[in-house]
Protein chains: 2
Amino acid sequence: MQQERQDPIPLRADAQRNREQIIQAARAEFLRVGMDVPMEEVARAAGVGIATLYRRFPDRSELIKAVSLDNMRRVVALARRLEQDEPDPATALRALLRSVNDVYLSIVMTAVSAHAREALKDTPEIDEQRLEVLTVLSRLLRRAQDQGAIRPDIGAGDLILVLAATSRLMPITDDDLGGTVFERLFALTMDAFRPAPASPLPGRPVEYSDVEHLRQAGGLAIFGR
Amino acid sequence: MQQERQDPIPLRADAQRNREQIIQAARAEFLRVGMDVPMEEVARAAGVGIATLYRRFPDRSELIKAVSLDNMRRVVALARRLEQDEPDPATALRALLRSVNDVYLSIVMTAVSAHAREALKDTPEIDEQRLEVLTVLSRLLRRAQDQGAIRPDIGAGDLILVLAATSRLMPITDDDLGGTVFERLFALTMDAFRPAPASPLPGRPVEYSDVEHLRQAGGLAIFGR
DNA sequence: CGATTAGTGGAAGGATTTCCTCCACTTGAC
DNA sequence: GTCAAGTGGAGGAAATCCTTCCACTAATCG
C-alpha cells in the first residue's frame with residue numbers, strides 16, 4: 001500500500017529525499033502560479049538543480065502525474081480516516097475542507113488545467129480517486145445537513161467552488177501573519193455554511209455535474225486558461 | 001470630469017468604438033488570465049487586429065494604465081453615489097461589494113501584479129483613487145458594524161481578501177448557469193459576514209495594512225507571481 | 001578508506017512563445 | 001469622391017522556456 005513501485009532499483013537516500021522535495025515544491029508552485037509554472041522555478045523552490053528535476057521526472061507530464069497522485073492519495077486517506085473515526089459529520093466535513101488545497105488540487109485543478117488534463121489523460125486512477133473524494137464529501141455534506149449542522153440549500157458543487165476560491169488564500173511563506181489570516185478566512189468561509197441562513201440563495205443547489213459543465217464552457221474565471 | 005483628454009485630435013467613430021472594446025476585453029482577460037495575458041488574446045477577445053491594439057496602446061503599460069484608470073473611476077463613482085444615496089450602510093456596502101471584480105481590480109490586482117506595479121509606477125492618480133475606495137469601504141463597514149448589521153470581528157482587510165478570492169468565481173461567458181452560480185456564491189459569501197457569528201474568529205481583524213504587508217512578503221497564494 | 005557508480009548542478013543549444021513594426025488595403029469624414 | 005485616419009495580419013526580433021549534456025560530487029559497499 002505504502003510501497004513506491006513494484007521493485008525497481010531503489011533510489012539512493014539523497015535522491016529519494018530530493019524526489020520528495022521536488023513533489024512538495026511542485027505542489028506549492030502549482031498552487032501559487034499554476035500548472036504551467038516554469039520547470040526551473042520548481043527546481044529552485046525545491047532547492048535542486050534543473051537537471052535533477054528532469055532526471056526524476058522526464059517531462060512536465062510525469063511531474064504533474066506524480067504530484068497529483070501523491071495529493072490524491074493523501075486526500076483519500078484523510079477522507080476515509082475521517083469518515084471512519086469521526087462520528088460527527090459536520091466536524092468531519094470541516095476537517096476535510098480544512099485541507100482546502102489538497103481538495104482543490106484533487107477535484108478542480110486536475111480537471112481544469114490543460115496541462116493536467118493532457119498529463120492525466122491515461123491515468124484512470126486519478127478519476128477514480130477524484131470520484132472517491134467527491135463521494136465522501138457529498139455523503140458528509142448530506143449527513144451534516146440532515147442533522148441540521150449545515151444549511152440545507154447548498155450542494156456539493158457550491159462547496160467545491162467556494163473551496164476553489166478560498167484556496168487562493170492559502171499561505172505560501174512561513175509568515176505568521178499569513179497563517180493567521182488563512183485561519184481567519186477559512187473560519188469565516190465556514191460560517192457561511194452554518195444553518196439558518198440570512199437569506200435564501202437564488203437558484204438551486206449546485207452539484208458537481210454543474211461544476212463540470214461550467215468548466216467545459218469556461219464559464220467562471222477560476223477555469224480561465 | 002467625463003472628458004477623455006485635454007483635446008487631442010478626436011478619434012474617428014470606429015476607432016473610438018474599438019478603443020472601448022479593447023479596454024473592456026482587456027479587463028476581462030486580465031481577470032480571467034492575469035495581467036500577463038498575451039496581447040494577441042486581448043486583441044482577439046476585442047475582435048480587432050493586433051495592430052489596432054498597438055496603435056491605440058503603444059505597449060502593455062499603456063493598456064494596463066487605461067484599463068486601471070477606467071476601472072478605478074467606475075468604482076469611485078459607484079462608491080460615492082452609494083454613500084450619498086443609500087442611507088442604509090449595510091445595503092450600500094453589499095452593493096459596492098457586488099461589483100467584486102471592479103473592487104478587486106481596483107484594490108488588489110493593481111497593487112499586486114508585477115506588470116501593473118511597473119505600469120502604474122508614475123501614475124499617482126491610481127493610488128489616490130485606491131485610497132478613496134478603501135476609505136469609503138472602511139467607513140461603510142464600520143457604520144454597518146455599529147448598527148449591528150455586520151459581525152464586529154472583521155476588518156476591511158478581511159473583506160478585501162474574501163473579495164479577492166470570490167472574484168475568481170466571476171462568470172466569464174454569458175452562460176446562464178455561470179451567472180446564477182455567481183449570484184449564489186456571492187450571496188453565500190455575504191452570509192459569512194452576518195452578525196452573531198457561529199464562532200469567534202482567531203486572531204484580530206485584518207486591516208488593509210496587513211494586506212499590504214502580506215503582499216510584500218508574497219504571503220498568500222493570491223499574490224503569487 | 002578507496003573504488004564504483006548513481007546522482008548532481010548549471011551552461012548552452014534548440015524550440016516555442018510573445019512582442020512589436022511595417023505596409024498594403026479599407027473605411028469614415030467632409 | 002477624395003484622402004487621411006484607421007485596419008488587419010504577416011513576419012522578424014527578442015524573450016522565455018524546455019531539454020540535453022558533461023564534468024564534478026558524494027552515497028554505498030566491500
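Using a distance-only test at 3.5 Å, with no hydrogens or angles considered, a donor-acceptor pair links the side chain of B:Asp158 to the main chain of B:Val206. Checked by atom type and distance alone, the side chain of B:Arg60 never pairs as donor or acceptor with a backbone atom of B:Ala119 at under 3.5 Å. For A:Asp85 (side chain) and A:Leu82 (main-chain N/O), no donor-acceptor pair under 3.5 Å exists by modelled atom type. Using modelled atom types, one side-chain atom of A:Ser113 and one backbone atom of A:His115 make a donor-acceptor pair closer than 3.5 Å. Of the possible polar contacts, one joining the B:Arg117 side chain to the B:Ala111 backbone as a donor-acceptor pair under 3.5 Å is found. The closest donor-acceptor contact from the side chain of A:Thr52 to the backbone of A:Val48 lies at 3.5 Å or more, if one exists at all.
Distance, B:Ile22 CD1 to D:dG6 P: 12 Å, rounded to whole Å. A:Glu29 has its CD atom 13 Å from the P atom of D:dC17, to the nearest Å. For B:Met39 and D:dG9, the CE to P distance is 17 Å, given to the nearest whole Å. Computed from coordinates, the A:Glu41 CD to C:dG10 C1' distance equals 17 Å when rounded to whole Å. Rounding to whole angstrom units, CZ of residue B:Phe57 and P of C:dC20 are separated by 14 Å. The nearest whole Å value for the distance from the CD atom in A:Gln16 to the C1' atom in C:dA6 is 14 Å. Following rounding to the nearest Å, B:Glu40 (CD) and C:dT21 (P) show an atom-to-atom distance of 15 Å. The CG atom of A:Asp36 sits 9 Å away from the P atom of D:dC17 (whole-angstrom rounding).
Taking only side-chain nitrogens and oxygens, A:Thr52 comes nearer than 4.0 Å to OP1 or OP2 of C:dG9. The phosphate of C:dT8 (OP1 or OP2) has a side-chain N or O of A:Asn18 nearer than 4.0 angstrom.
At a threshold of 4.0 angstrom between heavy atoms, the contacts of A:Arg56 are confined to the sugar-phosphate backbone, with no base atom among them.
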Pairs under 3.5 Å (N/O, protein and nucleotides 23-30 of chain C):
| residue | atom | partner | partner atom | Å |
| --- | --- | --- | --- | --- |
| C:dT27 | O2 | B:Arg12 | NH1 | 3.3 |
| C:dG28 | O4' | B:Arg12 | NE | 3.4 |
| C:dA29 | OP1 | B:Ala13 | N | 3.2 |

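By the side chain to side chain contact (heavy atoms under 4.5 Å, CB included) test, A:Ser68 is found to be paired with A:Ile64, A:Thr110, A:Leu120, A:Ile126, residues two or more places apart in sequence or in another chain being considered. Judged as a side chain to side chain contact (heavy atoms under 4.5 Å, CB included), and not counting sequence neighbours, the contacts of A:Ile172 are A:Arg32, B:Ala221.
Remark: A:Arg60 in residues 59-69 of chain A come within less than 4.0 Å of DNA chain D through at least one heavy atom.
Closest to the side chain of B:Ile50, out of D:dA10, D:dG8, C:dC19, is D:dA10. Checking C:dG9, C:dG7, D:dG8 against the side-chain heavy atoms of A:Ala15 singles out C:dG7 as nearest.
A side-chain donor-acceptor contact under 3.5 Å links B:Ser106 and B:Asn71.
Terminal axes of the helix from C:dC1-D:dG30 to C:dC30-D:dG1 (five pairs each, C1' rotation axis) are separated by 40°, to the nearest 10°.
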Handout entry: From CA spacing to verdict: side-chain contact (heavy atoms from CB on, under 4.5 Å), A:Leu69, A:Glu125
Key = CA-CA 8 Å; A:Leu69 277 176; A:Glu125 192 184 348; 3.7 Å; yes
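Sequence neighbours left out, the pairs with a member in residues 92-104 of chain B that pass salt bridge (Lys or Arg N to Asp or Glu O under 4.0 Å) are B:Arg27-B:Asp102, B:Arg74-B:Asp102, B:Arg98-B:Glu183.
Other residues, nucleotides and ligands contribute only 12 or fewer heavy atoms inside 6.0 Å of the CD atom of B:Gln84.
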